[in-house]
Amino acid sequence: MTNAEIAAALSELGTLYELDGAVRYRVNAYKEAARVIRQSPISVEELARAGRATDLPGVGKTLQEKIVTLLETGAIPSAEKLKAKFPASLVEVTRLPGVGAKTARRLFDELGIATLEDLRAAAEAERIRNVRGLGEKFEESVLAALDRLSEEGAPGRVLLSHALPVALELAEALRENPACDAVTIAGSARRMTETCKDIDLIATATDPVALSSALVEHPLAAQASSARESGGKIVTHTGISVDLRIVPPEAYGNLLQHFTGSAAHNIALRERAVKMGLSVSEHGIADVETGDVARYRTEEEIYERLGLAYIEPELRENTGEIGAAADGELPELVERTDIRGDLHCHTTLSDGRNSLEQMAEAARARGYAYLAVTDHSASHGFGNHVTREELAKRIEEIRALNANLGTKRFRVLAGSEVNIHTDGSLDYDDELLAELDWVIASIHTSFRMKPKELTARAVAACEHPLVDCIGHLTGRMIGRREPYDIDVEAVAEAAARTGTMLEINGNPNRRDLNERNARLAAGIGAMICVNTDAHGTDTLTNIVYGVATARRAWLTADQVANTRSWRDFSRLRKRTRANQGLQ
DNA sequence: GCCGTTTTCGGCCCGACTGTTTTCAGTCG
């Protein structure tokens with residue numbers, strides 16, 4: 001069973017308990033355990049079978065046992081018992097925005113509503129208003145929520161690459177307004193998560209209403225609230241909600257910290273504060289005893305007040321950052337400007353949009369010291385394959401290009417993104433691969449193989465002496481394709497053992513390895529390489545998303561191979577190490 | 001159900017908003 005499936009079962013059980021009227025702490029315990037399990041980079045099934053699921057924070061003896069029962073029998077007895085009491089479809093009803101477990105239970109008890117369809121019928125027949133405590137407004141909001149659900153499917157989250165440019169453009173527009181003192185992007189966009197539900201902007205202003213007006217009257221706005229002292233809200237033409245909140249500068253840090261989140265980080269932070277006799281909110285930090293409220297202009301002061309080192313937004317996910325901040329053990333995160341070269345891109349030789357020369361020039365203009373050109377290999381489909389002869393010719397072209405560049409400050413590396421066949425062999429012969437400066441091996445076909453076979457396939461590629469790096473290991477496409485069922489831990493161990501690098505692919509649709517896998521892999525000792533997989537000069541900028549994932553994976557510059565000069569980077573390659581007898 | 005800088009028992013984050021109420025429960029972020 002995948003972690004997601006185990007998490008879903010526990011989350012469902014939590015909701016069933018909630019419907020049954022359990023105390024909310026028990027419900028919260030299930031939801032929190034589900035969250036932790038969903039985020040675990042290692043197999044919770046294996047952990048539970050070894051009796052060690054309790055290693056996960058929030059999982060105790062009871063849940064350890066329930067997970068094992070779930071794995072062995074496919075069900076959890078307490079959940080089955082509750083499902084006999086009320087239909088499992090009632091869990092769906094609780095997920096409708098505006099309807100929670102308490103309301104769903106009453107609707108079931110008093111009107112027999114068991115499904116979303118029942119709910120719609122009852123609302124349309126105006127029967128819900130007969131339930132004490134619910135009225136006409138509730139019926140309206142239920143119907144509106146149901147309509148949104150059928151229109152959009154699951155509530156929409158957009159890729160960071162869609163949200164961030166909008167956030168940056170709006171923040172810039174606000175900054176240019178004379179009424180603006182400061183504006184910062186908050187929320188998940190600031191944490192650089194894979195997807196965003198909305199955009200949060202925090203500001204201070206000499207004339208708040210004027211600044212709010214600048215937002216609600218911005219050309220990107222398709223719908224807008226009124227411009228208020230406290231801020232404003234718009235929905236862009238692309239359907240992204242944007243909230244602007246304006247506060248006095250004295251509490252700017254408090255609001256920014258609060259709205260940067262994550263929710264889990266804030267909860268953990270407040271729990272820590274409670275133990276110190278403090279109460280943290282977006283308005284300030286209150287001393288519970290005296291009632292004094294301290295407000296802060298910066299986040300640094302807030303973390304300091306709580307006895308913590310400053311925590312970078314990308315780390316605020318409650319995955320150990322608070323403990324590390326308390327112990328002074330936070331990593332110094334890799335930065336975009338640390339990146340010295342990009343080791344994965346395509347040209348018109350395969351499926352790219354720009355020529356070799358254009359890609360090289362764009363990389364040099366970015367200030368890189370090296371760019372590996374890695375077009376697809378011989379068996380790549382879609383008419384974009386590169387034959388053995390074409391690659392040999394390309395190698396010559398790159399040698400000539402480097403000679404013409406005549407500079408030691410920038411070089412193009414002759415590379416290839418080579419398909420890994422189902423048996424783990426590669427798509428070019430070793431003789432040709434040996435001519436290249438750089439080889440990325442990727443799985444592009446037959447990714448529904450059994451997990452063991454798929455893992456063996458990637459491990460075999462790691463063991464090949466001419467493979468420098470494994471590209472986008474799990475193959476997932478955010479929101480579109482699930483990751484391959486591959487044992488990332490086993491591949492990372494092979495990578496660490498053989499000196500093969502593992503890529504963080506910065507394509508915002510991929511972000512692969514993801515932050516959890518990258519943190520796991522680096523922890524095992526695999527060297528990470530952050531690349532764009534750019535298919536044109538315009539997407540070399542996607543390095544920001546790759547670096548964001550690296551930062552969210554707690555990586556330092558040292559753990560990222562391509563923060564090095566070419567001289568130092570080239571020495572890390574397996575082929576160099578082999579030549580020098582280092583392996 | 002989990003967990004320990006006060007704890008193996010007794011706590012468990014904070015505030016805004018909404019709609020329905022005459023003082024608040026439920027939901028959300």
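First the proteins, then the strands, lettered A, B, ... as listed; each starts at 1. Everything numeric in this text was worked out from a predicted model, so none of it was measured.
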Asker: What does the 5'-to-3' dot-bracket notation of DNA chain B look like when only Watson-Crick and G-U wobble pairs under 3.5 Å count, and pairs to other strands show as |?
Answerer: ((((....)))).((((((....))))))

Asker: Considering only the P atoms, how many Å lie between dC3(B) and dT8(B), rounded to the nearest integer?
Answerer: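 It comes out at 16 Å once rounded to the nearest Å.
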
Asker: Across the strands shown, which category fits L63(A) at heavy-atom distances under 4.0 angstrom: base, sugar-phosphate, nothing?
Answerer: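 Since only primed, P, OP1 and OP2 atoms lie under 4.0 Å of L63(A), the category is sugar-phosphate.
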
Asker: When you measure from the side chain of T62(A), which nucleotide among dC14(B), dC2(B), dC12(B) comes out closest?
Answerer: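 Nearest to the side-chain atoms of T62(A), counting from C-beta on, is dC2(B).
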
Asker: Look at the side-chain N and O atoms of Y30(A) and state whether any lies under 4.0 Å from the OP1 or OP2 oxygen of dG1(B).
Answerer: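 Yes, because at least one side-chain N or O of Y30(A) sits under 4.0 Å from OP1 or OP2 of dG1(B).
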
Asker: Between dC13(B) and dT18(B), how far apart are the P atoms? Round to whole Å, please.
Answerer: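 Those two atoms are separated by 25 Å.
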
Asker: Verify, without hydrogens or angle tests, whether E139(A) (side chain) and I128(A) (backbone) share a donor-acceptor contact under 3.5 angstrom.
Answerer: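 Checking the backbone N and O of I128(A) against the side chain of E139(A), a donor-acceptor pair under 3.5 Å is found.
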
Asker: Between Y303(A) and H265(A), how do the two ring planes meet: parallel, tilted or perpendicular, split at 30° and 60°?
Answerer: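 Tilted: the ring planes of Y303(A) and H265(A) meet at 30° to 60°.
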
Asker: Go through the steps to decide whether R38(A) and I6(A) satisfy the test side-chain contact (heavy atoms from CB on, under 4.5 Å), and finish with yes or no.
Answerer: CA-CA 8 Å; R38(A) 203 175 292 114; I6(A) 296 169; over 6 Å; no

Asker: When the distance from NZ of K233(A) to P of dA16(B) is rounded to whole Å, what number comes out?
Answerer: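 Rounded to whole Å, this separation is 17 Å.
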
Asker: In sequence, state the C-alpha distance, the side-chain angles, and the governing distance for E250(A) and R297(A), and then conclude on side-chain contact (heavy atoms from CB on, under 4.5 Å).
Answerer: CA-CA 5 Å; E250(A) 301 82 63; R297(A) 287 170 187 270; 3.9 Å; yes

Asker: At under 4.0 Å, does any side-chain N or O of H283(A) touch on OP1 or OP2 of dA16(B)?
Answerer: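 Yes, H283(A) has a side-chain N/O under 4.0 Å of OP1/OP2 on dA16(B).
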
Asker: Under 4.0 Å, heavy atoms only, any strand: does K66(A) hit a base, just the sugar-phosphate, or nothing?
Answerer: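 Answer is sugar-phosphate: K66(A) comes under 4.0 Å of backbone atoms only.
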
Asker: Ignoring hydrogens and angles, tell me if any N or O in the side chain of T236(A) forms a donor-acceptor pair with the backbone of A221(A) under 3.5 Å.
Answerer: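 It does not hold such a pair.
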
Asker: Is there a donor-acceptor pair under 3.5 Å between the side chain of T539(A) and the backbone N or O of N542(A)?
Answerer: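 Answer holds: no.
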
Asker: Could you state the CG-P distance from L255(A) to dA16(B), rounded to the nearest angstrom?
Answerer: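 It works out to 11 Å between those atoms.
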
Asker: With a 4.0 Å cutoff (strictly under), does any side-chain N or O of K275(A) reach OP1 or OP2 of dC13(B)?
Answerer: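 Checking dC13(B) against K275(A), no side-chain N or O comes under 4.0 Å of OP1 or OP2.
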
Asker: Parallel, tilted or perpendicular: which one describes the rings of Y17(A) and Y30(A), with boundaries at 30° and 60°?
Answerer: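 Taking Y30(A) first and then Y17(A), their aromatic rings sit tilted (interplane angle of 30° to 60°).
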
Asker: Look only at the side chain of R476(A) and the backbone of D512(A), and say whether a donor-acceptor pair between them is shorter than 3.5 Å.
Answerer: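 Absent.
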
Asker: Among dC14(B), dC13(B), dG1(B), which nucleotide sits nearest the side chain of A29(A)?
Answerer: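 So the nucleotide nearest the side chain must be dG1(B).
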
Asker: Tell me, which of residues 82-89 of chain A have any heavy atom that sits under 4.0 Å from an atom in DNA chain B?
Answerer: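 Of all residues in residues 82-89 of chain A, none places a heavy atom under 4.0 Å from DNA chain B.
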
Asker: What string of B, S and - do you get for nucleotides 19-29 of chain B 5' to 3' if you count protein non-hydrogen atoms under 4.0 Å?
Answerer: SSS----SSSS

